[in-house]
Amino acid sequence: MFKQDLLRELLEGMDMMEDQVSGPLFRFREMILDWNDKINLTAITDEEEMYLKHFIDSYLIIKTDLNLNKKKILDLGTGAGFPGIPLALYFKNSDFTLVDSLAKRIAFLERVVGELGLKNVTLIHGRAEDLAKLDDHRERYDLVISRAVAELPVLLEYALPFVKKGGDFVAYKGSQYVKELENSHNALELLGGEIAGTFEFELPLNHEFRALIQVHKVMQTPFRYPRKPGKASKNPL
Ligand code: SAH
């Protein structure tokens with residue numbers, strides 16, 4: 001089977017309309033491989049592995065109860081563009097803001113957005129702790145998403161200040177999520193979040209376990225959060 005056919009099949013297995021995304025995703029992978037020599041983007045380069053662990057993994061949120069249409073969405077610590085770029089390709093009527101503190105990764109994503117013609121993506125180089133203090137970003141997003149950036153108590157301090165009251169934060173996690181949840185009670189209380197649901201998945205083919213944690217924002221976050229850059233990770237709430 002041609003590998004792009006594998007990608008199409010995997011997307012169809014997610015009940016997705018694959019025709020609008022399989023071509024751009026294929027090109028996205030080529031760009032990642034190209035740039036990976038110059039800047040460190042990902043350790044996952046094998047074709048099938050990238051489809052599963054980056055692309056299909058990014059789309060798992062489609063299988064939750066959340067509606068991703070016509071939303072203002074922030075991907076925090078997007079790295080090489082996950083889950084933000086695959087989702088922006090599929091949900092064209094939502095606006096995506098992708099943030100990362102590494103300038104080189106944002107420079108790479110500028111090229112990706114240009115090449116793929118993505119009109120619904122804004123890229124920002126910066127740290128969550130700084131951006132969340134700015135009026136343009138604080139409590140402005142319907143949905144914040146984040147994968148592989150920090151453990152949940154730390155991640156909540158980065159992410160919840162960006163979420164509008166009544167909006168949601170979704171953390172992409174692995175099997176360690178139960179322990180992270182147990183350690184998050186204090187952070188949730190202080191930051192105005194409530195666990196709305198956890199969704200467990202198995203990736204196709206390799207059967208790896210994944211979990212998405214949905215946190216609903218029930219109260220405004222006090223302005224003292226997030227604390228100064230570096231504080232959250234050094235001394236989690
Ligand atoms: N979400 C991507 C990348 C994970 S690596 C994926 O799942 O593949 C974590 C990324 O988060 C790195 O690119 C790092 O630069 C970024 N990051 C870590 N702490 C951050 C912070 N405080 N603010 C913004 N970006 C951060």
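Quick note: numbers below take in every heavy atom, side chains included, and nothing from hydrogens, waters or symmetry partners. Start at 1 and go down the list; that is how both ligands and their atoms are numbered.
Taking a cutoff of 4.0 Å between a charged side-chain nitrogen and a carboxylate oxygen, R147 and D75 do not qualify as a salt bridge. No salt bridge links K228 with E129; every basic N to acidic carboxylate O contact stays at or beyond 4.0 Å. For the pair R210 and E200, the salt-bridge criterion is not met [side-chain N within less than 4.0 Å of a carboxylate O].
With a heavy-atom cut-off of 4.0 Å, Y158 touches ligand 1 through its side chain alone. Looking at D75 against ligand 1, nothing comes within 4.0 Å, counting heavy atoms.
Side-chain atoms of E202 and H207 include a donor-acceptor pair closer than 3.5 Å. Residues H125 and S101 have side chains that never bring a donor and an acceptor to within less than 3.5 angstrom of each other.
The nearest pair of heavy atoms linking V149 to G77 is CG2-O, 3.5 Å.
Taking only non-hydrogen atoms, the option from A159, S101, A150 nearest to atom 26 (C) of ligand 1 is S101. Comparing heavy-atom distances from atom 8 (O) of ligand 1 across E129, K104, R147 singles out R147 as nearest.
Residue-ligand proximity, T78 to ligand 1, at heavy-atom distances under 4.0 Å covers atoms 1 (N), 2 (C), 3 (C). Counting atoms of ligand 1 from 1 in the listed order, those under 4.0 Å from a heavy atom of R127 are 23 (N), 24 (C). If you number the atoms of ligand 1 from 1 as listed, the ones under 4.0 Å from a heavy atom of G79 come out as 3 (C), 13 (O).
Protein heavy atom at the shortest distance from atom 23 (N) of ligand 1 is A128 N, 2.9 Å. For atom 11 (O) of ligand 1, the closest non-hydrogen atom of the protein is G77 CA, 3.4 Å. Nearest to atom 15 (O) of ligand 1 among the protein's heavy atoms is D100 OD1, 2.7 Å. In this structure, atom 24 (C) of ligand 1 lies nearest to the protein heavy atom G126 O, 3.5 Å. At the top of the distance list for atom 19 (N) of ligand 1, counting protein heavy atoms only, stands V149 CG1, 4.1 Å.
F82 and V113 fall within a single hydrophobic cluster, where Ile, Leu, Val, Met, Phe, Trp and Tyr side chains are chained together by heavy-atom contacts under 4.5 Å.
Of the N or O atoms in A80, none lie within a sub-3.5 Å distance of an N or O in ligand 1. In terms of polar-atom proximity, defined here as any N/O pair under 3.5 Å, A148 makes no such contact with ligand 1. At least one N/O-N/O distance between R105 and ligand 1 falls below 3.5 Å.
Around CD of E12, the count of heavy atoms belonging to other residues, nucleotides or ligands within 6.0 Å exceeds 12.
Using a 4.5 Å heavy-atom threshold, the side chains of P161 and F223 count as separate.
The structure places CD of E189 at 12.5 Å from OG of S184, a figure rounded to the nearest 0.5 Å.
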